[in-house]
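These notes are about the structure you will find just below.
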Amino acid sequence: MKPNQDILAELSWRGLVHQMTDPQGLSQLLREHSVTLYAGFDPTADSLHVGHLVALMTLRRFQQAGHRPVVLVGGATGMIGDPSGKSQERNLLSREQLEHNIQAIGEQLARFVDFHCGSTSAVLVNNYQWMKDFSYLDFLRDVGKFFPVNVMLAKESVKARLESDAGISYTEFSYMLLQAYDFVYLYDRFGCLLQIGGSDQWGNITAGIDLARRMRGVQLYGLTCPLLTKADGTKMGKTEQGALWLSPRRTSPYRFYQYWINVEDADAGKCLRFFSQLSQQEIEELDRSRAQEPQKRASQKQLAEELTRLVHGEEGLQRARRATEIFFGRQIDQVSQQELEEIFADIPHAQLPWSRLEQGLPLVEALVEAGLCKSKSESRRLISQGGAYVNNRRVAETETVLTLQHLVTPESLVLRAGRKKYAVLQFQK
RNA sequence: GGGGGGUUUCCCGAGCGGUCAAAGGGGCCAGACUGUAAAUCUGGUGGCUUAUGCCUUCGCAGGUUCGAAUCCUGCACCCCCCA
């Protein structure tokens, strides 16, 4: 079967190609055949994050172009720890933790690749399945024999660690062999010819290609995507709360949506190319819009909408939008407790006895109880400077006392400090 | 081993016995402007029952004095010079 579009051309205008082996050979292969390719994700946490999105979306594009993606979740490699791009030796994860992580990540993947679409259906594999019964002696004889240590030492990931004080353990040093063998195994099992990954995976990917040539005498291919960085060179996807996760449990759809809405103009074009389904023409249209009428932020809106829908579904997108309306709207009127809970799910909640509100709770104290101010003096300062809001309505009098009338649901009210810091105060009878 | 300098509020840094909760800058917070941006501007930046009041803070522990971040003694740590 033939693929339905020239995927390499597509990836390259999107800026998704960092490096590849044998560009002519690979290009021809991908134009003429539907290829099975794979990308691996180590289950270091129970969710993928934005950093994984580049490879994930690339895998998705390959599938849309008529190729078959294999997604490898590294139950075995996750036990070892990839030294690539890491300055420190990793802590080993427990088996139970890994098991849990693999399960959770497996569920997330279905959002990105289709597991039920005939001949190009995605396949989910776990390298623990084929590594667990591979004995140490067999592995050394059958795989280790093909790895010249001097070549391994020359790999960037190893070299960096050798030169640092942290050093590298034999365990992490061996990581490369496992990933290399994965590629050979997937070739045997699925006829997998291409491995893709982030640019930090180049060393591991080429190790697999070398191993396949030595063990099977075949030519496999590798392609890496650039890392997702901002215009200033720093990594994208970092927030004050840590990484931007794909799991709604770790990063709410609202926060996820907000992250993309707030992407800087300088990074928006790149993000659109990386992540959106828009055509080149449509993206160039948005580039123009960004230059001529930046205040519209059409690019950011498009990006936030598409990605939130993809990662959290239509419902998640609606929730994020509704929360945005409330957060940036004027005033919070009657909302149901449930709705409020949902919208403010990931902002701090403080619980106080009902009697406090009944007898009148000074706003100064409420702000401290809610964790928005460290002391009453700070509260007074905030209020007198016009930075305090009750249910999104500015309150500038330091003597304000909260009463039952301020409730916005039968038991809660919403405090805000400054532009974006919120807290819910909940009163219990 | 000898000599000299230092340790200040989140950071840098002024402080030379009372007018020091301590200059100035940075950061941070709030406000205005704006695009939920950047830049800019304004205000704030120890705590308390907001008081021209009290309490805690200037490496640590003592002392002198009506009064100390400022003077003295000891201790700890840091830097420099000589050996």
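First the proteins, then the strands, lettered A, B, ... as listed; each starts at 1. Hydrogens, waters and symmetry mates play no part in the numbers below; they use all other heavy atoms, side chains included.
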List the steps, then state whether side-chain hydrogen bond (donor to acceptor under 3.5 Å, both in side chains) holds for Thr77(A) with Asp82(A). CA-CA 7 Å; Thr77(A) 36; Asp82(A) 184 358; over 6 Å; no

Take atom CD of Glu264(A) as the centre, draw a 6.0 Å sphere, and report whether it contains more than 12 heavy atoms from other residues, nucleotides or ligands. no

For the C1' atoms, the ones on C79(B) and on A30(B), what distance do you get once it is rounded to whole angstrom? 40 Å

Strictly below 4.0 Å, N to O, side chains only: are Asp287(A) and Arg290(A) in salt-bridge contact? yes

If I pick the P atom on G18(B) and the same atom on G13(B), what distance separates them, to the nearest angstrom? 24 Å

Using whole Å, what does the distance between atom C1' of nucleotide U36(B) and atom CD of Glu264(A) come to? 13 Å

Are there over 12 heavy-atom neighbours, none belonging to Gln295(A), within less than 6.0 Å of that residue's CD? yes

For atom P, what is the distance between C48(B) and A37(B), given to the nearest Å? 30 Å

Under 3.5 Å, is there a donor-acceptor pair between the side chain of Tyr422(A) and the main chain of Phe327(A)? yes

Given the side-chain rings of Phe344(A) and Tyr254(A), with only the six-membered ring counted for Trp, is the space between their centroids under 6.0 Å? no

Dot-bracket, 5' to 3', for RNA chain B please: Watson-Crick or G-U pairs under 3.5 Å, [ ] where pairs cross earlier ones, | where the partner sits on another strand, dots elsewhere. (((((((..(((.....[.....)))((((((.......))))))(((....)))...(((((..]....)))))))))))).

With RNA chain B as reference, determine whether Glu378(A) or Pro294(A) sits nearer its 5' end, using the nearest nucleotide of each. Pro294(A)

Given the P atoms of C33(B) and A22(B), what is the spacing between them in whole Å? 32 Å

Collect all protein-nucleotide pairs involving nucleotides 22-26 of chain B in which both atoms are nitrogen or oxygen and the distance is under 3.5 Å.
none

Hey, which of these two, Val263(A) or Arg380(A), hits RNA chain B nearer its 5' end, going by closest nucleotide? Val263(A)

Measure CG/Leu303(A) against C1'/A37(B) and give the value in whole Å, please. 15 Å

Integer angstrom distance from the C1' of U49(B) to that of C54(B): 11 Å

If we ignore hydrogens and angles and just use 3.5 Å, is the side chain of Arg68(A) paired with the main-chain N or O of Cys192(A) as donor and acceptor? no

Enclosure of Glu315(A) CD (heavy-atom neighbours >12, cutoff 6.0 Å): no

Taking atom C1' in both C10(B) and G1(B), compute the distance separating them and give it to the nearest angstrom. 40 Å

Using modelled atom types and a 3.5 Å cut-off, is there a donor and acceptor pairing between side-chain atoms of Glu306(A) and backbone atoms of Gln277(A)? yes

Nearest-Å distance, CG (Asp267(A)) to C1' (A38(B))? 13 Å

Give me the distance, rounded to whole Å, that separates U40(B) from G35(B) when you measure between the C1' atoms they each carry. 16 Å

Between Glu365(A) (CD) and U50(B) (P), how many Å, whole number? 10 Å

What integer distance in Å separates Lys230(A):NZ from A38(B):C1'? 13 Å

Find the distance Glu293(A):CD to A37(B):C1' and express it as a whole number of Å. 16 Å

I'd like to know if the side chain of Asp46(A) reaches the main chain of Ala104(A), judged simply by a donor and an acceptor atom lying under 3.5 Å from each other, with no hydrogens or angles considered. no

Considering only heavy side-chain atoms of Gln258(A), the closest of G47(B), G35(B), U36(B) is U36(B)

Just the rounded figure in Å: distance from P of U36(B) to NZ of Lys296(A). 14 Å

Gln201(A) vs Asn204(A), side-chain hydrogen bond (donor to acceptor under 3.5 Å, both in side chains): CA-CA, chis, key distance, verdict: CA-CA 5 Å; Gln201(A) 290 301 308; Asn204(A) 292 332; 3.1 Å; yes

Once you apply a heavy-atom cut-off of 4.0 Å, does Ser375(A) come out as touching a base, just sugar-phosphate, or nothing? sugar-phosphate

Rounded to the Å, how far apart are Gln292(A) CD and G35(B) C1'? 16 Å

Could you walk me through whether Asp114(A) and Gln63(A) pass the side chain to side chain contact (heavy atoms under 4.5 Å, CB included) test, one step at a time? CA-CA 8 Å; Asp114(A) 193 341; Gln63(A) 186 174 38; 3.7 Å; yes

Name the pairs: protein N/O against N/O of nucleotides 30-34 of chain B, kept only if under 3.5 Å.
{"residue": "A30(B)", "atom": "O2'", "partner": "Gln385(A)", "partner atom": "O", "Å": "3.2"}
{"residue": "G31(B)", "atom": "OP1", "partner": "Tyr389(A)", "partner atom": "OH", "Å": "3.3"}
{"residue": "G31(B)", "atom": "O3'", "partner": "Arg394(A)", "partner atom": "NH2", "Å": "3.3"}
{"residue": "A32(B)", "atom": "OP1", "partner": "Arg394(A)", "partner atom": "NH2", "Å": "3.2"}

Describe, in one word, how the ring planes of His49(A) and His52(A) are oriented to each other, choosing from parallel (under 30°), tilted (30 to 60°) and perpendicular (over 60°). tilted

Can you check the distance between A51(B) and U7(B), where both ends of the measurement are the C1' atom (answer in whole Å)? 35 Å

